[in-house]
Colleague: 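Have a look at this one.
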Amino acid sequence: MIGPSGSGKTATVMHALRGLGPDVPVLRVQRIWSRRPHARFLGPTERSDLVVLPSDADGNVATGFFESVTENLGGKIPRVVFVDDAGVLTEKRLAWLQRLADEAFALDCRVVVAAEELAPDVLPDELDVLRLGPLGAPALRAFLTDALGLSIAADVVERITWWSEGNPRLALELAQELSVAQLRGGALWHGPDAAGTAARRTYRHLLERVDESGADLLASFVLRQAGSCLGEEPWDGAAGLGDDPSLRVLAGLGLTEAHDGTWFLRHPLVAVLCAERNKAEPPAAPTAERRSEAMLRGLHMQELNPVLRAGPLSVACPKNRALAFTVSVLAGQTWGVPRAGASGDVDCREWADHVWWRAATGIPEPARESSRRLTAAALRVESEGVVRDPARLRADLEAVGETPGQHWLGLQLQIRMRLMLGDVSGARALVAAHVDDDARGVAEQVARSLSVAMVAAVEGQFHDVRRQLDIIRRLRPGCDGWLVPRGLTALADAAIDGRVPDVGVPDALGNWSARAAAEFAADVGAAHLLLGRAREAVSLLAVSAEQCRWPYQCPVMVRADLVDAAVSAGEVQALSAAIGGSAVNDCGALSADLRAAAARGAALLADGERALAAFDEAVRASTPPASIRQHVRTLVAYGRFRAARGDAGVAVAAFDRGRTLAQLAGLAGWTRGIDTAQTASGGAVASNRWEGLRRDERTMVRLALKGATNSKIAESVFVSERTVVNRLRQVYRRLGIRDRRDLIRLAEECPPRWAAAEV
């Protein structure tokens, strides 16, 4: 078995050998090329020294090896000899091992060798070689997570994988040198400043074959200005090196390879070792501007926070100014949102283009004008919660959205604004058009996943929400603390698993924006409402509606949920202050989801006979193309309304349709909320229906509630048992319940006046 030191050769072979069982004697030999090798059988046997000189070219050495084994280990002949850590197999060493294998074969024994490398052109035909390739990032992530007990950021795992070439031992050595903040992506880490002991041991033989000119060339690959520019990392390769003969020599050693005129390192830590050996000067420290850009693009928030506390972030250049704003909105914080002056407006003309495009060259001037207005509008929404001209905002979104060269931080801002205007279909179309676009850096990747999650949450696709949140957690574990991902997590967990949210609005908001806190409250409130916990939902949704006029869920949808929760909880008085403000016309009523939410809210507030017509219209409006979230919410509200009117059959049908839709979507948690709503409505149905039962039916119900069997009831009222069964089924249907257990529970919750009368 061939593979670099630390690549798992020993673990792989030992796992396979233990599978042979305790009855097969296996001898493990270590330090085979030393003057005093040692060996022991797998199991409790004590180690025994072997007196052999394996470096001797005499063929009798192999015989001497087995004689030493039998003499020192009680005459026990192994069935397998595992020669561990044999290093580099030169032609001389391989010849000795071949003679050992021949001698072992005569004793009905087999030899397994774990080595780092084979000398070229010395491989015998009869030798079976298994090469252990490097671990990929997913496998290495699992290994490091298990070893360190810590969730590691995905991009940090990628870098560790590159620097270690997928070697577990090297990867662990690199990871152990990093702080928790660096491992979780909270602080910058470009690569190791020095090679560790595992790297020196792994590459000791290879390093001996690199001459001084080759070492200088390898060192130049990694000695760049750290953090100078994302996209100028050593793993991007080095172009323009030409046909330097040293490159060809290094390629022959397996240290470099060329693709399309660019040279890439294959074993990066060898380059670090070469830089150490040549005492090369370390790279210069990056400028504050470059470091700020790297922190923002990488979402290194734990490193960014001390910078913010110490003084203003270096955002003198327009690109960093735009980055600070878009990252602040993404994180739901206020540190990067500029404050308005005396005029009430912020001058963003110098940096507005960078909010939306990688490069504004070639963008038509009308689109650039729209981008400036759009940036100013986004600033006003974030800092003041104001939209002065929704129609103009929608037009500017269309103008900018059709241009090429956009990045995901700007797209996330557009998707957020489309959702807050109720344009769910437009937000979904924007996601679909750009989801395969390149997302450069962690900030853009998080922005893309969060955008997809927000659209999915509005539409009730909660499994998609959970998938995108998992991507964000892998990219940056620290994002779990942001308010919007926390709210989305509570909503998805409630819908999928029926998990009651264990979070509330934070007591101290700190740098959190009012908009982020309101969105968090709206999502957690929606999670409570989804589970049938209307009282808990009312306060959260009221806070959201009062604190933020323009959340990403759209004010009309939030207020429809608030009305739904208040009516369900019997707290309509809580609506007076919260439901004012933006009307449907402010948002534009562009999407079916918005129309469905507005119709549901209007039906819940309608009086008398108008309510029935309003609910019929709401149910029609909530069918496709409206999303499953709006349709199920409308069906549950309609079921409660019908139950309160005493229309038990219609109410049960509405609840059943909502339950079936939730089950088809795999949302078991939602079905629990529907069951809760139906049970709560059962009392209203029963209170109207108890009095409608005939005298003989009341008698049967009283007997059933006292525990009488069907046969006893039949004897008491002088009918057949079959008649009792049929009449009780009719009673259940008229009460809107299913069986005797439901009858007992309903009588406990809402007992009829005549239940205690004597039979």
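Quick note: numbers below take in every heavy atom, side chains included, and nothing from hydrogens, waters or symmetry partners.
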Colleague: Using side-chain heavy atoms (C-beta onward) and a distance below 4.5 Å, is Leu409 in contact with Trp356?
Modeller: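 A side-chain contact under 4.5 Å is absent here.
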Colleague: Between Ser449 and Ile471, which heavy-atom pair has the shortest distance, and what is it?
Modeller: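 Shortest heavy-atom contact: OG-CG2, 3.3 Å.
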Colleague: I need the Arg184 CZ to His300 NE2 distance, nearest 0.5 Å.
Modeller: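 Those atoms lie 14.0 Å apart.
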Colleague: What pair of heavy atoms forms the shortest contact from Pro501 to Leu531, and how long is it?
Modeller: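 Looking at all heavy atoms of both residues, the shortest contact is CD-CD1, 4.1 Å.
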Colleague: Minimum heavy-atom separation for Cys348 to Leu379, with atom names?
Modeller: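 Where Cys348 meets Leu379 most closely, the heavy atoms are CB-CD1, 4.2 Å.
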Colleague: Got a donor-acceptor contact below 3.5 angstrom from the Ser370 side chain to the Val400 backbone?
Modeller: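 Absent.
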Colleague: Would Gln412 and Thr326 count as a side chain to side chain contact (heavy atoms under 4.5 Å, CB included) here? Give the steps.
Modeller: CA-CA 9 Å; Gln412 197 270 342; Thr326 52; over 6 Å; no
Colleague: So does Arg392 pair up with Asp396, basic N to acidic O under 4.0 Å?
Modeller: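 Yes, Arg392 and Asp396 are salt-bridged.
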Colleague: Check whether any side-chain heavy atom of Phe520 sits under 4.5 Å from a side-chain heavy atom of Trp482, and report yes or no.
Modeller: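 Side chain of Phe520 against side chain of Trp482, heavy atoms only: no contact under 4.5 Å found.
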Colleague: Please round to the nearest 0.5 Å and tell me the distance separating atom CD of Gln176 and atom CG of Leu183.
Modeller: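 Between Gln176 CD and Leu183 CG, I get 10.0 Å after rounding to 0.5 Å.
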Colleague: Please tell me whether Glu519 and Ser544 have a donor and an acceptor in their side chains that are separated by less than 3.5 angstrom.
Modeller: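 No, Ser544 and Glu519 have no side-chain donor paired with an acceptor closer than 3.5 Å.
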Colleague: Is it true that a side-chain atom of Glu536 and a backbone atom of Gly525 form a donor plus acceptor pair closer than 3.5 Å?
Modeller: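 No, the answer is negative, given that no donor and acceptor are paired below the 3.5 Å cut-off.
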Colleague: Quick one: does Gln182's side chain have a donor or acceptor within less than 3.5 Å of a partner on Ala187's backbone?
Modeller: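 Side chain of Gln182 to backbone of Ala187: no pair is present.
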Colleague: Would you call Asp353 and Arg368 a salt bridge, using N to O less than 4.0 angstrom?
Modeller: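 Yes, charged N to carboxylate O under 4.0 Å.
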Colleague: Is Leu491 close to Val465 at the side-chain level, that is, under 4.5 Å between some pair of heavy atoms?
Modeller: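 Side-chain contact under 4.5 Å: no.
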Colleague: Is it the case that over 12 heavy atoms from other parts of the model lie below 6.0 angstrom from the CD atom of Glu369?
Modeller: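 Enclosed.
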Colleague: Is there side-chain contact between Val484 and Trp512, with at least one heavy-atom pair below 4.5 Å?
Modeller: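 Result no, sub-4.5 Å side-chain heavy-atom pair not found.
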Colleague: Kindly say whether Gly336 contributes a backbone atom to a donor-acceptor pair with the side chain of Arg321 at under 3.5 angstrom?
Modeller: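 Yes, Arg321 side chain to Gly336 backbone: donor-acceptor pair under 3.5 Å.
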Colleague: Should the pair Arg416-Glu382 be classified as a salt bridge under the 4.0 Å nitrogen-to-oxygen rule?
Modeller: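 Answer for the salt bridge query: no.
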Colleague: Rounded to the nearest 0.5 Å, how far apart are CG of Leu413 and CG of Leu374?
Modeller: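 One finds 7.0 Å between CG of Leu413 and CG of Leu374.
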Colleague: Does any non-hydrogen side-chain atom of Pro404 lie less than 4.5 Å from one of Trp357?
Modeller: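 Of all side-chain heavy-atom pairs linking Pro404 with Trp357, none is under 4.5 Å.
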Colleague: If you measure from the Lys or Arg side-chain nitrogens to the Asp or Glu carboxylate oxygens, is any gap between Arg448 and Glu444 under 4.0 Å?
Modeller: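 Looking at Glu444 together with Arg448, the answer is no, because their closest N to O distance does not fall below 4.0 Å.
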Colleague: Considering only NZ, NE, NH1 and NH2 on the basic side and carboxylate oxygens on the acidic side, decide whether Asp389 and Arg373 come within less than 4.0 Å.
Modeller: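 Here Asp389 does not pair with Arg373 in a salt bridge, since their nearest N and O are not under 4.0 Å apart.
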Colleague: Passes salt bridge (Lys or Arg N to Asp or Glu O under 4.0 Å), Arg394 versus Glu398? Steps please.
Modeller: CA-CA 6 Å; Arg394 290 193 294 272; Glu398 291 294 334; over 6 Å; no
Colleague: Checking the side chain of Ser591 only, and the main-chain atoms of Gly422 only, is there a donor and an acceptor separated by less than 3.5 Å?
Modeller: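 Present.
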Colleague: For Arg499, does its backbone N or O pair with a side-chain atom of Asp497 as donor and acceptor, under 3.5 Å?
Modeller: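 Here the side-chain-to-backbone pair does not exist.
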Colleague: Using a 4.5 Å cut-off on heavy atoms from C-beta on, say whether the side chain of Gln553 contacts that of Asp561.
Modeller: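 No; the side chains remain at least 4.5 Å from each other.
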Colleague: Give a yes or no on whether a salt bridge exists between Asp347 and Arg349, defined as a side-chain N under 4.0 angstrom from a carboxylate O.
Modeller: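 Here Asp347 pairs with Arg349 in a salt bridge, since their nearest N and O are under 4.0 Å apart.
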Colleague: Run the numbers on Arg428 and Glu459 for salt bridge (Lys or Arg N to Asp or Glu O under 4.0 Å), then give the verdict.
Modeller: CA-CA 10 Å; Arg428 187 195 316 117; Glu459 296 185 320; 2.4 Å; yes
Colleague: If we ignore hydrogens and angles and just use 3.5 Å, is the side chain of Arg629 paired with the main-chain N or O of Ala457 as donor and acceptor?
Modeller: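 Yes; at least one donor-acceptor contact below 3.5 Å.
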Colleague: Would you say the side-chain atoms of Arg380 pair up with the backbone N or O of Gly385, donor to acceptor, closer than 3.5 Å?
Modeller: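 No; zero donor-acceptor contacts below 3.5 Å.
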Colleague: Please answer whether the main-chain N or O of Glu289 pairs with a side-chain N or O of Asn320 as donor and acceptor at a distance below 3.5 Å.
Modeller: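 Such a contact is found between Asn320 side chain and Glu289 backbone.
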Colleague: Is there a side-chain contact between Gln445 and Trp408 (heavy atoms, below 4.5 Å)?
Modeller: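 Sidechains of Trp408 and Gln445: no contact.
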Colleague: Give the C-alpha distance, both sets of side-chain angles, the deciding distance and a yes or no for side chain to side chain contact (heavy atoms under 4.5 Å, CB included) between Val500 and Asp493.
Modeller: CA-CA 8 Å; Val500 176; Asp493 288 348; over 6 Å; no
Colleague: Please check: side-chain N/O of His407 versus main-chain N/O of Val355, any donor-acceptor pairing under 3.5 Å?
Modeller: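 Answer holds: yes.
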Colleague: Could Asp523 and Arg486 be called an ion pair, given the rule that one side-chain N must be under 4.0 Å from one carboxylate O?
Modeller: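 No.
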Colleague: Does a side chain donor of either Asp593 or Ser627 reach within less than 3.5 Å of an acceptor in the other side chain?
Modeller: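 The answer is yes; a qualifying pair exists.
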Colleague: List the atom of Ala199, the atom of Glu173, and the distance in Å for their closest heavy-atom pair.
Modeller: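 Taking every non-hydrogen atom into account, N-OE1, 3.4 Å.
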Colleague: Would you say the side chain of Leu170 lies within less than 4.5 Å of the side chain of Trp163, judging by non-hydrogen atoms?
Modeller: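 Contact flag for Trp163/Leu170 side chains = no.
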Colleague: Set out, in order, the CA-CA distance, both residues' side-chain angles and the distance that settles side chain to side chain contact (heavy atoms under 4.5 Å, CB included) for Arg358 and Gln406, then state yes or no.
Modeller: CA-CA 6 Å; Arg358 299 193 191 284; Gln406 300 177 66; over 6 Å; no
Colleague: Enter the distance from Leu299:CG to Leu330:CG here, rounded to the nearest 0.5 Å.
Modeller: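 Going from the CG atom of Leu299 to the CG atom of Leu330 covers 6.0 Å.
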Colleague: Hey, could you give me the CD1/CG distance between Ile160 and Leu144, rounded to the nearest 0.5 Å?
Modeller: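 Reported to 0.5 Å precision, the distance equals 5.5 Å.
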Colleague: Might you point out which heavy atoms bring Met557 and Val424 nearest each other, and give the distance in Å?
Modeller: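 Closest heavy-atom pair between Met557 and Val424: CE-CG2, 3.7 Å.
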Colleague: For a side chain to side chain contact (heavy atoms under 4.5 Å, CB included) check, start with the C-alpha distance between Ser164 and Leu140, then their side-chain angles and the critical distance, and finish with the verdict.
Modeller: CA-CA 10 Å; Ser164 66; Leu140 202 58; 4.0 Å; yes
Colleague: Does the distance from a Lys or Arg side-chain N to an Asp or Glu carboxylate O, for Asp470 and Arg473, drop under 4.0 Å?
Modeller: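 Salt bridge: yes.
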Colleague: To the nearest 0.5 Å, tell me how far His267 NE2 sits from Leu269 CG.
Modeller: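 One finds 10.0 Å between NE2 of His267 and CG of Leu269.
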Colleague: Could you report the tightest heavy-atom contact between Arg466 and Ala492, atom names first, then the distance?
Modeller: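 Looking at all heavy atoms of both residues, the closest pair is NH2-O, 4.2 Å.
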